[in-house]
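Data block below; observations after.
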Amino acid sequence: MEKQIPGEPLPSREPTIRSSFGGEQSADGKNLVEQVEAILQERIRNGDQHARFTLGQFYFEEGLYKEAIVQFERLKEKDWQAMYQLGVMYYDGLGTKENHKLACEYMRKVASSESQRAKHLIRAAQYNLGRAYFQGYGVAQSDTEAEKWWILSADDGNPEGSVRAMTMLGMFYSREDTKDLKKAFFWHSEACGAGSLESQGALGVMYEHGQGKRRDQTSAFECLKEASERGSVYAMGNLVAHYYNRKLYTKAADLAAKVSQYQPEDVQTIAAHTDCIPGFIAKGIAMACFLYARCLHMGHGVRQNKEEAKTYYSKAFTFDPDMTAMLQNQMTHGRI
């Protein structure tokens, strides 16, 4: 299971502050950052209690993390959202040095709060504590504690639960040390139903191989195809395999050729855009590269070119050596 899992951002149903102030610049040509700063500073001087948090959040959204921290630090004792954001920033080292212990302290305070003003933050804080225990950052590493906090955060799959926690539980129960594929399938199903792209791709793989559920090729194809169309690169790699294993070589080669054009530096950008874990994106690209190489090597669905195939075998290894080794083993034994 990928250790570098994403944190849960501040839960909010409000539009970004940039969009609420109407675009890139004002009518008189002022830069939007200057315009928003001026407006919010004026509100702060006039006693608007929420304006300082809004200013901090605006800086955060704009990537001005040092400026954001100044505002949140002033508010942390009286504004739960400011404390939450500080927890996020200290954990990931945004605008400051990483301080995982302090980040966990803030998240624990939010997670245990009985204030109505913290209610909408509790599930997200619980998720982040699960992340900390799983990674062993700021606290002693503990799968048991990670599982506990993620279960609390997922809230039995209820709509108010953290979708990220549901997905992480699906992955948690798929790994060797904590394997329970029925639980994994359940949690990926809950997360998929709540909109998780990561879990939709994972469900496709589980249906494909009969993991936690009876093998179902129709459901596998539907999950992988829809997740691919929504942007899951991991699903794309597995959809290539789905086509290839059914000797639909033209479809396999066409999709693999597209996915194989990604470069290593694209992984983080894709992760940010799709909210998927970088390690699984790399696995999807590695799978596509290897199978495209195989198509080129054998002339399956594409003109045979053994020299070009070598390039893509090598590229697959660059993205994920373990995935490449597994596929190499399958090739050696004549399974692909």
Side-chain angles (χ1 to χ4, degrees), residues 1-2 5-6 150 154 156-159 161-175 179-260 262 267 270-271 273-292 301 319-320 323 326-327 330 335-336:
M1 181 175 169
E2 174 68 30
I5 58 178
W150 281 337
D156 292 326
N158 290 330
S162 165
V163 178
R164 270 199 176 95
M166 298 174 201
T167 292
M168 285 304 114
L169 284 167
M171 293 182 175
F172 181 82
Y173 292 124
S174 296
R175 60 198 283 264
K179 184 172 285 187
D180 186 328
L181 292 178
K182 288 186 177 179
K183 287 184 178 180
F185 187 89
F186 169 80
W187 283 113
H188 277 312
S189 296
E190 293 297 300
C192 181
S196 169
L197 178 58
E198 192 95 75
S199 282
Q200 187 173 35
L203 276 180
V205 174
M206 297 187 82
Y207 275 123
E208 180 84 1
H209 299 289
Q211 297 172 335
K213 192 77 171 178
R214 182 172 298 192
R215 195 175 186 190
D216 184 337
Q217 300 303 297
T218 300
S219 294
F221 175 72
E222 289 173 353
C223 283
L224 292 174
K225 189 171 187 300
E226 186 173 334
S228 296
E229 290 170 350
R230 292 176 61 203
S232 168
V233 177
Y234 180 64
M236 292 177 199
N238 280 279
L239 185 57
V240 170
H242 181 93
Y243 287 140
Y244 188 95
N245 291 333
R246 284 150 189 80
K247 297 183 169 50
L248 299 171
Y249 295 128
T250 299
K251 287 187 174 183
D254 285 348
L255 180 55
K258 293 175 183 176
V259 179
S260 297
Y262 287 123
V267 171
I270 297 168
H273 182 69
T274 62
D275 201 24
C276 291
I277 295 175
F280 284 93
I281 293 168
K283 287 180 188 297
I285 299 172
M287 187 177 294
C289 287
F290 191 96
L291 291 174
Y292 186 49
F319 277 99
D320 192 305
M323 174 62 72
M326 183 190 77
L327 293 169
Q330 290 181 9
R335 293 197 290 271
I336 59 173

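Computed over heavy atoms, backbone and side chain alike; hydrogens, waters and symmetry mates excluded.
Distance OG1/T167 to CZ/F172: 14.5 Å, rounded to 0.5 Å. Interatomic distance, CG of N238 versus CG of N245, reported as 10.0 Å (0.5 Å rounding). To the nearest 0.5 angstrom, K213 atom NZ is 14.5 Å from H188 atom NE2. Separating the CD atom in E208 from the NE2 atom in H242 is a distance of 5.5 Å, to the nearest 0.5 Å. Once rounded to the nearest 0.5 Å, the distance linking SG of C289 with CG of D320 reads 11.0 Å. Atom SG in C276 sits 10.0 Å away from atom CD in Q200 (nearest 0.5 Å).
Side chains of I336 and F290 form a contact here, defined as non-hydrogen atoms less than 4.5 Å apart. Looking at heavy atoms from C-beta onward, V205 lies in side-chain contact with Y234 at the 4.5 angstrom threshold. Taking the side chain as every heavy atom from C-beta outward, V233 and V267 never approach each other to under 4.5 Å. A 4.5 Å side-chain heavy-atom check between Y249 and Y244 finds at least one atom pair inside the cut-off. Residues F185 and Y207 have side chains in contact (heavy-atom distance under 4.5 Å, counting atoms from C-beta outward). In this structure, M166 and L169 have side chains that are not in contact, with every pair of non-hydrogen atoms separated by 4.5 Å or more. Two residues are said to be in side-chain contact when any heavy atoms from C-beta on lie closer than 4.5 Å; H209 and R215 fail this criterion. Within the 4.5 Å cutoff, the side chain of R164 has heavy atoms near those of the D275 side chain.
In this structure, the side chain of Q211 does not engage the main chain of L181 through any donor-acceptor pair within 3.5 Å. S232 places no side-chain N or O within 3.5 Å of a backbone atom of A227 that could act as its donor or acceptor partner. Side chain of N158 to backbone of G161: no donor-acceptor contact under 3.5 angstrom is found.
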- With side chain to side chain contact (heavy atoms under 4.5 Å, CB included) as the test, would you mind laying out the steps for M287 and L291 before giving the verdict? CA-CA 6 Å; M287 187 177 294; L291 291 174; 4.0 Å; yes
- Task: Begin from the C-alpha positions of I277 and K283 and carry the test side chain to side chain contact (heavy atoms under 4.5 Å, CB included) through to its verdict.
- Result: CA-CA 10 Å; I277 295 175; K283 287 180 188 297; over 6 Å; no
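Shortest non-hydrogen contact noted between G195 and R230 is O-NH2, 2.8 Å. For the pair L203 and C192, the tightest heavy-atom approach, listed with the atom from each and the gap, is CD1-CB, 3.6 Å. Closest heavy-atom contact between G201 and A235: CA-CB, 4.2 Å. The heavy-atom pair separating G170 from W187 by the smallest distance is N-CB, 3.7 Å. Looking at every heavy atom in both residues, Y292 comes nearest to A256 through CB-CB, 3.6 Å. Here the closest heavy-atom approach between residue L197 and residue G231 is recorded as CD2-C, 4.0 Å.
Within a 6.0 Å radius of CZ in R214, no more than 12 heavy atoms belonging to other residues, nucleotides or ligands are found.
Using a cutoff of 4.0 Å between basic side-chain nitrogens and carboxylate oxygens, E229 and K225 are scored as salt-bridged.
The only member of L248, V240, T250 that meets side-chain contact (heavy atoms from CB on, under 4.5 Å) when paired with L255 is V240.
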